Amino acid sequence: MLDGAVVVGIKNGWRGLIEDDTEVLTRQSVTGILPRGGTILGTSRVNPEDDASIGHIKANWDKHNLNALIVIGGEGTLRAARDMWRDHQYPVVGIPKTIDNDLCGTDFTFGFDTAISVVTDAVDRLHSTAESHHRAMVVEVMGRHAGWIAAYGGIAGGADVILVPERPFRLSKVCEILRRRESQGRPFSVIVVAEYAQPHPEEDFLTPEQRTEIYQHGRLGGISFYLAREIERCTGIQARVTNLGYVQRGGSPTAFDRVLATRFGIKAVEMVAAGEWGQMVALRGTSVIGVPLDEAVNNIKYLDDEIYRVAEVFFG
Ligand code: F6P
C-alpha cells in the first residue's frame, strides 16, 4: 500500500497548508506517539474561506508535489475538505476526529471515548463529595450543539440528572427529582449539564444578557452557574459547580480511541491508494467503511433519542 510514499505532515490544520508550515513525517519521527493526547501536528480554527487562501493552498500543493490530502478533524475542517473536493477537485479523504461525536455518517469519532472517560471519572469523584456534604453537584461538560458527551459520561458515571441541548429542560422537574431524592434519604445528587443545554421557554430563568454570554459568545459555557443558583433557590439544597472544560480534551487516549484511530488511518491510506476521493472513513457497527464527506458534514449528528431514554430511566 503506497510503498515509498513520502508523508508530509501539515501543521495546524488548513492553516499549515495556507502558510506552508509542514514537516516530513518519518517512522522515526512518529515513533511513540500512540499514547500521546492532543495532536502532534497542532490545530487551528482556520479554514480556506477566500480566493487568497485557496491560491496559497494551490501554490504549496504544487511546491510539495502532493498527490492526496488526508484531512483529520471535526465538522468545520471536514466541511472545508468537502468543499476543496467538490469545488476545486482536490483529491481528499477525511478522518472524523472530535470529542463531540457530532459528525453524521459514523457511529463514533475518535476522541469521544477519551473525553467520556474523563467525565465518568469526574462524576464518580463528585458523587463521593456530594454524598459526604449533602450537596447537589452540577457538572458542565462540552459537546457543542449535541449531548453525546453529557449522555454517555452521565450514564457511565450514574448521574442523577442529565441535561442535553436536544431536550430543553424544566427547572421544576430537576428540582422535583432532587427533592424526591432528599425525602428518600438521599440529600445529594450529581447533575450533568451539556454546555449548550437550555431551559424550556416556559421556565426560562436566564436574562437575555446571560443567554448571550452562555450561548452566543463564540465560546460556549456558563449554564452550570445559573442552574446551580436556581437549584439552591428552589430546593434549599446547597449546590456547587464543576466546569470540566478543557481537561476533557487532553490526556492519554483510551484503548478504544487508539484502536479506532489506527483503523481509521489504515482505511484512509487504502482509500488514497484506490483513489476514493471526497469520502470520509467511518465506523458503522463494527466495520470501518467509506462514506461521502457530504453526508458527514451536511447536518449535525444529534444525540440518539434512544440513548437519552436509557439515561432517563435512572433519573432520581
Ligand atoms: O469541538 C470541540 C470542542 O471541544 C467543543 O466541545 C467546545 O465547545 C469547543 O471545542 C471549545 O472550543 P475552543 O477550543 O475554541 O474554546
Side-chain angles (χ1 to χ4, degrees), residues 11-16 36-47 49 71-82 94-123 138-154 156-157 162-166 192-198 210-227 241-254 257 260-261 264 280 293 296-304 307:
K11 296 202 185 158
N12 304 312
W14 287 106
R15 193 169 92 197
R36 285 177 56 186
T39 151
I40 55 158
L41 287 169
T43 185
S44 69
R45 298 267 189 227
V46 174
N47 290 319
E49 266 150 13
V71 182
I72 307 169
E75 189 244 336
T77 307
L78 293 179
R79 169 163 310 174
R82 188 272 316 264
I95 299 185
K97 178 227 58 155
T98 163
I99 65 165
D100 299 337
N101 196 37
D102 59 352
L103 278 167
C104 285
T106 183
D107 292 347
F108 291 107
T109 55
F110 74 90
F112 173 66
D113 189 68
T114 304
I116 59 172
S117 79
V118 173
V119 176
T120 306
D121 181 53
V123 174
V138 181
V139 194
E140 182 171 320
V141 300
M142 286 183 166
R144 294 200 70 75
H145 301 102
W148 292 99
I149 296 179
Y152 270 74
I162 300 169
L163 306 174
V164 296
E166 292 82 353
V192 173
V193 59
E195 60 186 356
Y196 200 70
Q198 311 203 20
Q210 290 164 350
R211 203 156 252 294
T212 308
E213 177 199 320
I214 300 170
Y215 308 112
Q216 287 146 31
H217 190 230
R219 211 182 283 169
L220 298 173
I223 180 62
S224 50
F225 293 95
Y226 299 103
L227 177 61
V241 169
T242 305
N243 189 338
L244 285 186
Y246 296 89
V247 296
Q248 293 161 96
R249 242 172 36 187
S252 187
T254 58
D257 270 343
L260 184 62
F264 277 175
M280 178 186 85
L293 267 168
V297 299
N298 261 347
N299 291 301
I300 293 174
K301 185 181 74 180
Y302 289 110
L303 177 65
D304 191 334
I307 303 288

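All ligand and atom numbering here is 1-based and tracks the order in the structure. This is a predicted model, so every value here is computed, not measured.
Of the inter-residue distances, the one linking M142 atom CE with D100 atom CG reads 8.0 Å to the nearest 0.5 angstrom. The distance from atom CD of E140 to atom CD of Q248, rounded to the nearest 0.5 Å, is 9.0 Å. The OG1 atom of T106 sits 8.5 Å away from the CZ atom of F108 when rounded to the nearest 0.5 Å. Atom CD of residue Q198 and atom CZ of residue R211 lie 5.0 Å apart, to the nearest 0.5 angstrom.
In this structure, atom 2 (C) of ligand 1 lies nearest to the protein heavy atom D100 OD2, 3.2 Å. Given atom 16 (O) of ligand 1, the protein heavy atom at minimum distance is Y246 OH, 2.5 Å. Here the protein heavy atom with the shortest distance to atom 11 (C) of ligand 1 is R249 NH1, 3.6 Å. In terms of protein heavy-atom proximity, atom 13 (P) of ligand 1 is nearest to R45 NH2, 3.4 Å. Nearest to atom 8 (O) of ligand 1 among the protein's heavy atoms is E195 OE2, 2.6 Å.
Ligand 1 has an N or O atom lying under 3.5 Å from an N or O atom of G143, backbone or side chain.
Scored by the ring-ring contact (aromatic ring centres under 6.0 Å, His included) test, F264 finds no partners at all (sequence neighbours excluded).
Heavy atoms of I99 found under 4.0 angstrom from ligand 1 belong exclusively to the side chain.
W14 places no side-chain N or O within donor-acceptor distance of the main-chain N or O of E49, the cut-off being under 3.5 Å.
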